[in-house]
Amino acid sequence: MTTLITGAAGFIGMHVAAALLARGERVVGIDNFTPYYSLDLKRARIEHLAARYGDLFAFKDVDFGDAGALAAALTDVAIDRIVHLGAQPGVRYSLENPAAYIHSNVAGHVNILELARHRTIAHLVYASSSSVYGMRADTPFRVADRADAPISLYAATKRADELMSETYAHLFRIPQTGLRFFTVYGPWGRPDMAVWKFTEAVLQGRPIDVYNHGDMLRDFTFIDDIVSGVVLALDSPPSDDKQMKPGGFTTPHRLYNIGNNRPEQLTDLIRAIETACDRKAEINLLPMQDGDVYQTFADIDDITRDLGFAPTTPMAVGIPAFVDWYREDWLKRG
C-alpha cells in the first residue's frame, strides 16, 4: 500500500506520514517549501522521516498547484491512496496574499482531484477547516450546519474544496473524506500558531499579543489525536451506496469534524504554558483581528459513531509535551 501525502513537510502531514510508515506502509510525500513559516522546520521534518523510515519514505519537492509539475513528478510513481493536507494556511495572511490561497487551495485542490480521477485512487482524504463555520454563535459546530458565510478568504477556499470534491464524487464516484480540522498543536507544530508563539515568548521573556482581550475559545486538539482520526478515516473509505452521509451527500463523499470536542479559553492555554515553562507571561491585550472567529467547538458525534474516533489528550498533558519538545529538541537544533 502506497499513500501520497501532500504537505508532507507540514505539521500534520509529517505526523500522518510517520504513523503510516510505522505500520510498514510506503509513503510518497510532496511539498514545495513555501516560506510562510520557517523552512528550517519544514526541512527538519522531512529529514526526520527520511532518517527514521529509510526507503519506505520517498519525497519530491513539487508544487501541487502546478498541474504540469505535479504530473511530471508522479509519472512513474504508483499510488493507492491520497491524504491531501497541503494548503496555504492562515486566516490573517489571506488578507495580505489572496493569490497564494487561490493557487494552492483552489487550483491545487482541483489538481489533486484530477490525479485521483485519472489514477483511480481508492480513497482521497483531504483537509478542510473549522473556519468554514464562520462567525457562529450557536455551538457546538455540527457538520449538518450551514457553512455558507465564511469571514476569511482562507475559509472560503476550504468550503470551495468541499464543494469541488462533492462534484468529483458525483461525476467520477471517487471515494472521499473531508476533515474539518480544529486547532491542532503538539511537537513539530507550526510557529504561526498560538501554542508555539506563546511558548516562545514566555521562554524569551517577551510579551504575548492576546486578541479580543483574551476572551476567545478554541477547540485545541493534540496532534496524536488528530493523526488517529486521519488514519481511521483513511482506512475506512465511504461506500458508494446512495445512502446519506455526514455532509448531506449520497455520493461516496463525507465530511467530518475532527477536534477535541472541548473548547478552552485562551487564558487557560496561557496558564498551561506558564505552568509547563515555569514562568509567568507578560500579556499585551488587543482587540479582535479581522477574519478571526470568537470560538470553535467541534461536534464529533459523526466521526465517533462511524469510525470510533475518541480524542484522549487533555491540554494538561499536551501542552507540556509540546514545551518539552520545543526545549529539548527544537531549541537545541538552533
Side-chain angles (χ1 to χ4, degrees), residues 1-34 36 39 41-89 103-128 161 164-165 167-169 171-179 188 227 230-238 240 252-253:
M1 183 72 70
T2 299
T3 302
L4 173 70
I5 298 181
T6 72
F11 173 35
I12 300 175
M14 186 207 82
H15 282 281
V16 172
L20 297 179
L21 290 162
R23 301 198 307 190
E25 299 180 24
R26 295 186 179 277
V27 169
V28 176
I30 65 173
D31 208 295
N32 68 328
F33 298 103
T34 57
Y36 174 68
L39 295 183
L41 175 59
K42 293 183 178 185
R43 293 190 180 104
R45 291 173 180 146
I46 295 300
E47 290 166 3
H48 174 79
L49 291 172
R52 177 163 293 190
Y53 299 106
D55 292 342
L56 285 177
F57 178 65
F59 178 76
K60 293 180 178 292
D61 186 341
V62 60
D63 176 8
F64 61 80
D66 182 332
L70 180 65
L74 298 177
T75 297
D76 299 321
V77 179
I79 52 176
D80 304 296
R81 308 181 297 186
I82 300 173
V83 180
H84 178 37
L85 300 172
Q88 175 57 58
H103 176 77
S104 292
N105 300 6
V106 179
H109 193 75
V110 172
N111 293 342
I112 296 299
L113 287 169
E114 281 290 288
L115 178 66
R117 170 192 175 189
H118 293 292
R119 294 292 191 94
T120 317
I121 293 299
H123 191 193
L124 166 59
V125 175
Y126 66 90
S128 186
D161 290 346
M164 290 187 291
S165 279
T167 300
Y168 271 70
L171 292 173
F172 309 114
R173 317 315 292 183
I174 300 169
Q176 296 179 71
T177 300
L179 297 174
W188 294 96
V227 170
V230 174
V231 173
L232 283 168
L234 181 64
D235 288 344
S236 302
D240 192 2
H253 179 215

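Only this structure's heavy atoms are used, side chains among them; waters, hydrogens and symmetry mates stay out. These numbers were taken from a predicted model, which means no experiment stands behind them.
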Within the side chain of [X], is there an N or O that forms a donor-acceptor pair under 3.5 Å with the backbone of [Y]?
X: Asn105; Y: Gln88; value: yes
X: Thr3; Y: Ile82; value: no
X: Lys42; Y: Thr34; value: yes
X: Arg45; Y: Trp188; value: yes
X: Thr75; Y: Ala71; value: yes
X: Asp63; Y: Asn32; value: no

Working to the nearest 0.5 angstrom, can you tell me the gap between [X] [atom1] and [Y] [atom2]?
X: Leu49; Y: Leu20; atom1: CG; atom2: CG; value: 10.5 Å
X: Glu114; Y: Ile112; atom1: CD; atom2: CD1; value: 10.5 Å
X: Leu113; Y: Tyr168; atom1: CG; atom2: OH; value: 6.0 Å
X: His15; Y: Leu85; atom1: NE2; atom2: CG; value: 12.0 Å
X: Phe33; Y: Leu39; atom1: CZ; atom2: CG; value: 8.0 Å
X: Thr120; Y: Asp80; atom1: OG1; atom2: CG; value: 11.0 Å

Less than 4.5 Å apart, side chain to side chain, heavy atoms only: is that true for Leu74 and Val62?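 Answer no - side chains too far apart.
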
With a 4.5 Å cut-off on side-chain heavy atoms, are Leu115 and Leu124 touching?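 No. Closest side-chain heavy atoms not under 4.5 Å.
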
Show the nearest heavy-atom pair for residues [X] and [Y], with the distance to one decimal.
X: Ala8; Y: Gly29; value: CB-CA, 3.6 Å
X: Pro175; Y: Ala122; value: CG-O, 3.3 Å
X: Asp240; Y: Pro252; value: OD1-CD, 3.6 Å
X: Ser104; Y: Ala87; value: CB-C, 4.4 Å
X: Pro238; Y: His123; value: CD-NE2, 3.5 Å
X: Leu179; Y: Ala233; value: CD2-CB, 4.4 Å

Under a 4.0 Å N-O cut-off, is there an ion pair linking Asp235 with Arg81? yes

Between His253 and Ser165, a side-chain donor and acceptor under 3.5 Å: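 The answer is no; no qualifying pair exists.
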
Pair Asp161-His84, side-chain donor/acceptor within less than 3.5 Å: no

Please check if atom CZ in Arg52 has more than 12 non-hydrogen atoms from other residues, nucleotides or ligands closer than 6.0 Å.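 Not more than 12 within 6.0 Å, no.
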
Is the distance between the ring centroids of Phe59 and Tyr53 under 6.0 Å? no

